[in-house]
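Order of the sequence lines fixes the chain letters, A, B, ..., with proteins taken first and strands second; residue numbering starts at 1 for each chain.
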There are 2 protein chains.
Amino acid sequence: MKGKVTSFDIAHVAGVSQSTVSRALRGSPLVNEETRRRIQAAVDELNYKVDKNASGLRAKHTGTLALLLFEDPTADESHINPFFLSMLGSITRASAKRGYDLLISFQQFSLDWHADYADSKKADGIILLGYGDYLAIRDKLSKLVAQGTRCVRWGAVLPDQPDVSVGCDNLSGGYEVTTHLIGQGCRRIAFLGDASSHFPEFFDRYRGYVNALREAGLEPEPLLQVNGVSTERSGYEAVETLLARGVNFDAVFAASDLIAIGALRALGDHGLRVPDDVALAGFDDIPMASFINPPLTTVLQDTKLAGEILVDNLLRLIHGEPAESTRLPARLIVRRSSQRPR
Amino acid sequence: MKGKVTSFDIAHVAGVSQSTVSRALRGSPLVNEETRRRIQAAVDELNYKVDKNASGLRAKHTGTLALLLFEDPTADESHINPFFLSMLGSITRASAKRGYDLLISFQQFSLDWHADYADSKKADGIILLGYGDYLAIRDKLSKLVAQGTRCVRWGAVLPDQPDVSVGCDNLSGGYEVTTHLIGQGCRRIAFLGDASSHFPEFFDRYRGYVNALREAGLEPEPLLQVNGVSTERSGYEAVETLLARGVNFDAVFAASDLIAIGALRALGDHGLRVPDDVALAGFDDIPMASFINPPLTTVLQDTKLAGEILVDNLLRLIHGEPAESTRLPARLIVRRSSQRPR
DNA sequence: CTGAAAGCGCTTACAG
DNA sequence: CTGAAAGCGCTTACAG
């Protein structure tokens, strides 16, 4: 077909200079209303679109945001954590609403993800999303920020972090779940999930759990905590570890819903009924949580709000404005899995 | 900080011309091994990345693919169909593996999605994904293809379609589900989902259902078919419609798992047990399908393979090679929801 | 195998 | 309010 239509073609049709076309299209106030109208007419007629590469090259910004979804390498490759999937949906909508495109990329946690995006001018800023070893990426984060890369992270809000993050109030979430389990009469509550500063979100949930126990006059037992990442398999194995230890427990607080779902299976396979023999609770409120049997008690994180704040903070950074890390409220959702017979 | 590092900086450090740097980086065979090594060293040292905007502008391609996920406007806004989410995951991985970035965009079905992407040179080609009224977008598809836009679609493979698509064998999927239900002793099988050429995937599933019925000497009854889109709400309402019609049924074949899940709830709310009173089957095998109670009989579509073929076909189109529409096998997964007591 | 040079389509000072 | 012109950082004929 005929060559691509450029701003020069528009200029020709509208009887103005190319500079004026560019100004009009960028919404500059310096353009006469009548002129603007003529240009718009030509644009519509020729179905013209600004070439993003050219404008990006010249103006040094791209109008796109990059979402790096990094996954724990131990996770099952074929399924993405549903929780991140809903974050992804909400981030996509939030950026679209603000006129930005979203580039998405799945990263193995181990790879050199930091250099990839903003550096090559594909995006104006990046959003980091995923579970993983925080301590392992901390230095990269610092370097990124020092280099002037605009980035925001979904995850724990820590006192001395180098970057801007948005996360949920994991501490109070963990506290509420545990308090609820105690209220159901549980006294020996296991915690399934890593509990170290490598995984600060899980750690905060764990600390909330410890706080609740202590408040009720209970002491946390090391044998009741089993490390694990956010996968069903990990949850399944954690329960088997617990069982192999021969320790008694009347409730399981899983650090994520995926862990809880795996735990539920393992409990069932070992003849333990939920909630009759063991009360169970998770964290995240993924869509599946309300569909499993019994429906899972868990903690809802507001992904819609999170996506919007993440994008807003990133845009603020891009525009050179200050942005603050934000901790979103966590809301306990009680379902059947934790309701003990009285 | 110091200005951005460009290919000229690399040329300077490596002691060659900028053209040679560009050639080396693009993998041209015209570059001496030793020269290439020097250039690579300089690239590593300065942490240089090719500017995508500049290369895209010059070379007229972007190295990115766009994924347009369009949703039925009637669908619940906050949740994306889990099936498309897994397609999204597999498409993302497939494009990454082939060195392309993925731009994603959620479109309201009604909007002017066709013009948005390839036109503005943001992507080399687009992938269309989503349920929706096929007849309504057909003209747009034709126009797109006529304009020379490279695009592939996930969906029904139709005899006279203007574009290249990849879909599953919905006809045989529908046939197998229905045959299975008949094998369980069901004789009055309801079909929940639109059955018209507006929704060719559902329609093919319906036609498979009809074929299976006829083969068994049963005649499809209009009263046993209820229109609906792929949402839980729609499934819930479809069952209520069925009940309101006062028609007898001993099985429900839902055109998608989401519909089946809604139907399951409605059946339960009306005191009907699955599978004892009514056998139930869905389509898609979303992750939830195996977690609900009872686990759902459904049809598995291989999303991993689908994503790869979609991307491969699109790249073929981009490179000016011919690409063929592909129909993927559908596999019946029998779970408890359809197993009638004998 | 390598270099000098044109040009991709914009944006944005600069000069009216 | 508008135009002429420079230049963003590459790729790719063209000429050795």
> Does A:Thr35 place a side-chain N or O at less than 4.0 Å from the phosphate oxygens OP1/OP2 of D:dC1?
Replying inline: no
>> Quick test of your reading of the model: are B:Asp51 and A:Lys60 salt-bridged, counting only N-O distances below 4.0 Å?
In response: no
> Is a side-chain donor or acceptor of B:His12 paired with a backbone partner of B:Phe8 at a separation under 3.5 angstrom?
Replying inline: no
>> Whole angstroms only, please: what is the CZ-P distance between B:Arg38 and C:dC1?
In response: 14 Å
>> Just the rounded figure in Å: distance from C1' of D:dA6 to NZ of A:Lys60.
In response: 14 Å
>> From CG of B:Asp51 over to C1' of D:dG7, roughly how many Å is that when rounded to an integer?
In response: 13 Å
> Quick one: A:Tyr48 OH to C:dC10 P, roughly how many Å, whole number?
Replying inline: 3 Å
>> Could you write out DNA chain C as dot-bracket? Rules: Watson-Crick or G-U wobble, both distances under 3.5 Å, brackets [ ] for crossings, | for pairs with another strand, dot for unpaired.
In response: |||.||||||||.|||
> Would you find a donor on one side and an acceptor on the other, under 3.5 Å apart, between the side chain of A:Ser28 and the backbone of A:Arg23?
Replying inline: no
> How close or far is atom P of C:dC10 from atom NZ of A:Lys52, stated in whole angstroms?
Replying inline: 12 Å
>> On DNA chain C, does the nearest nucleotide to B:Leu57 precede the nearest nucleotide to B:Gly15 from the 5' side, or the other way round? Give the residue.
In response: B:Gly15
> Between B:Asn53 (CG) and D:dC10 (C1'), how many Å, whole number?
Replying inline: 10 Å
>> Can you tell whether the side chains of A:Lys140 and A:Asp163 come within less than 4.0 Å, N to carboxylate O?
In response: no
> Once you round it to whole Å, what is the distance between C1' of C:dT2 and CD of B:Glu34?
Replying inline: 14 Å
> With a cut-off of 6.0 Å (strictly less than), are more than 12 heavy atoms of other residues, nucleotides or ligands near CD of B:Glu324?
Replying inline: no
> Between B:Ser86 (side chain) and B:Pro82 (backbone), is there a donor-acceptor pair under 3.5 Å?
Replying inline: yes
> Can a side chain N or O of B:Thr6 be found less than 4.0 Å away from OP1 or OP2 on D:dG9?
Replying inline: no
>> Looking at A:Glu308 and A:Lys97, is any side-chain nitrogen of the basic one under 4.0 Å from a carboxylate oxygen of the acidic one?
In response: yes
> Between the side chain of B:Arg38 and the main-chain N/O of B:Glu33, is any donor-acceptor distance below 3.5 Å?
Replying inline: no
> For every nucleotide of nucleotides 11-16 of chain C, 5' to 3': is a protein heavy atom under 4.0 Å from its base (B), only from its sugar-phosphate (S), or from neither (-)?
Replying inline: BBB---
> Applying the side chain to side chain contact (heavy atoms under 4.5 Å, CB included) test to A:Val164, which of A:Leu314, A:Thr326, A:Asn313 qualifies?
Replying inline: A:Asn313
> Taking the C1' atom of each, how far is D:dT12 from D:dG16, in whole Å?
Replying inline: 16 Å
